Amino acid sequence: MSEAAHRGRRRILTGITALAAIGGTMPSWAAAAALLPTPAQTSGPFYPLTLPLDSDNDLVRVAGQAASASGTVAHVAGHVLDLNGRPVPGARVEIWQCDANGRYHDPRDDNPAPEDADFQGYGQTLSAADGGYRFRTIRPVPYPGRTAHIHFKISGQGLDGLVTQLYVAGEPRNASDGILNDIDVTARERVIVSFLPAPEIETNALKAAFDIVLGNAG
């Protein structure tokens, strides 16, 4: 199958799985479609040394904190799939990112920007029976030397694991980000997603659909 054909099928499946992630149903034919793997990326220097006590899939509210995180709320959802489009249930999905000030909650980050104590910074969840996962976080922002992104790590029994990054479509710094542009141009679109208004989910929030295709599952 040509790369163009793969891209077309990928766009169709992304729309289908995004619908399923917010309560719709994935049609039976989608499970039989061949996909291309999500490109691997570096984990970067700021994977947490110690996981926070609150490490659920809502990064906007921290247990014990009265206020919500600064930034624009974003609901990021999708499915963990194998190369045949079949769901991978029970996969551990982790994310981490800087706060709205461009600072990671990590002692190794020397960015002088103030730390947003109301942002969790890290979260995790397990993929459901249909491979679905979701996070409530903030739209990622750039930090010194990098374009806006969210780190993802997928692991689980029988999986070799995958570390990758999600990028924001239309972000000006994408064109100069060395890590993003190290991905082959034909595969780059698999990690760049649109953040769209989501008034049906939450007032003034955004949504993004990001399916993660593992090359070693199943």
Side-chain angles (χ1 to χ4, degrees), residues 1-11 13-14 17-18 34-49 59 71 74 76-83 85 88 91-106 108-111 113 121-124 133 135 137-156 159-196 206 208-217:
M1 181 179 291
S2 69
E3 179 65 28
H6 273 301
R7 286 199 299 268
R9 178 170 285 178
R10 180 84 173 119
R11 283 191 292 269
L13 283 172
T14 296
T17 52
L35 300 177
L36 294 171
T38 299
Q41 292 254 270
T42 175
S43 62
F46 300 131
Y47 180 82
L49 293 170
L59 284 68
V76 179
H79 291 77
V80 182
L81 307 168
D82 68 14
L83 290 173
V88 179
R92 184 185 186 201
V93 184
E94 303 171 75
I95 67 169
W96 63 102
Q97 65 187 104
C98 66
D99 62 28
N101 299 322
R103 180 169 175 177
Y104 281 88
H105 294 194
D106 190 292
R108 295 164 293 184
D109 187 358
D110 58 4
N111 184 351
Y122 168 93
Q124 61 177 296
Y133 75 89
F135 288 96
T137 184
I138 61 170
R139 182 196 185 279
V141 302
Y143 81 93
R146 290 299 314 278
T147 190
H149 63 283
I150 301 175
H151 293 272
F152 275 74
K153 181 178 180 181
I154 316 301
S155 60
L159 305 176
D160 289 342
L162 172 71
V163 175
T164 190
Q165 297 179 31
L166 172 157
Y167 298 89
V168 181
E171 183 69 31
R173 297 192 190 186
N174 287 354
S176 60
D177 189 272
I179 294 175
L180 170 59
N181 288 284
D182 192 49
I183 301 174
D184 185 271
V185 66
T186 61
R188 210 170 292 162
E189 69 172 27
R190 298 178 219 156
V191 293
I192 300 175
V193 303
S194 296
F195 281 70
L196 305 172
L206 302 173
F210 184 47
D211 290 338
I212 301 164
V213 182
L214 304 179
N216 62 324

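Along the sequence shown, the residues carry numbers beginning at 1. Since the structure is predicted, the reported quantities are computational estimates derived from the model, not experimental observations.
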Check your understanding: Taking all non-hydrogen atoms of both residues, which atom of Arg139 and which atom of Phe195 are closest, and how far apart?
Key -> CG-CD2, 4.2 Å
Check your understanding: Any side-chain heavy atom of Arg173 sitting closer than 4.5 Å to one from Pro142?
Key -> yes
**Study point:** Validation row: Ile138, Gln97 side chains within 4.5 angstrom (heavy atoms)
**Key:** yes
Check your understanding: How about Leu49 and Arg108: do any of their side-chain heavy atoms sit closer than 4.5 Å?
Key -> yes
Check your understanding: If you look at every heavy atom in Pro140 and Val168, which pair is closest and at what distance?
Key -> CG-CG2, 3.5 Å
Review point. With sequence neighbours left out, what residues match Asp160 under side-chain contact (heavy atoms from CB on, under 4.5 Å)?
Key: Asn216
Practice item. Would you check if Asp106 and Trp96 make a side-chain contact, meaning some heavy-atom pair closer than 4.5 Å? Key: no
**Study point:** Arg146 CZ to Asn174 CG distance, which is reported to the nearest 0.5 Å
**Key:** 9.5 Å
Check your understanding: At what distance, to the nearest 0.5 angstrom, does CG of Leu59 lie from CD1 of Ile95?
Key -> 4.5 Å
Check your understanding: Under 4.5 Å between any side-chain heavy atoms of Pro39 and Arg190, yes or no?
Key -> yes
Check your understanding: Does a side-chain heavy-atom distance below 4.5 Å link Val213 with Leu36?
Key -> no
Check your understanding: Ile212 versus Val88: any side-chain heavy-atom pair under 4.5 Å?
Key -> no
Point to revise | Side-chain heavy-atom pair Val76, Phe152 within 4.5 angstrom cut-off | key: yes
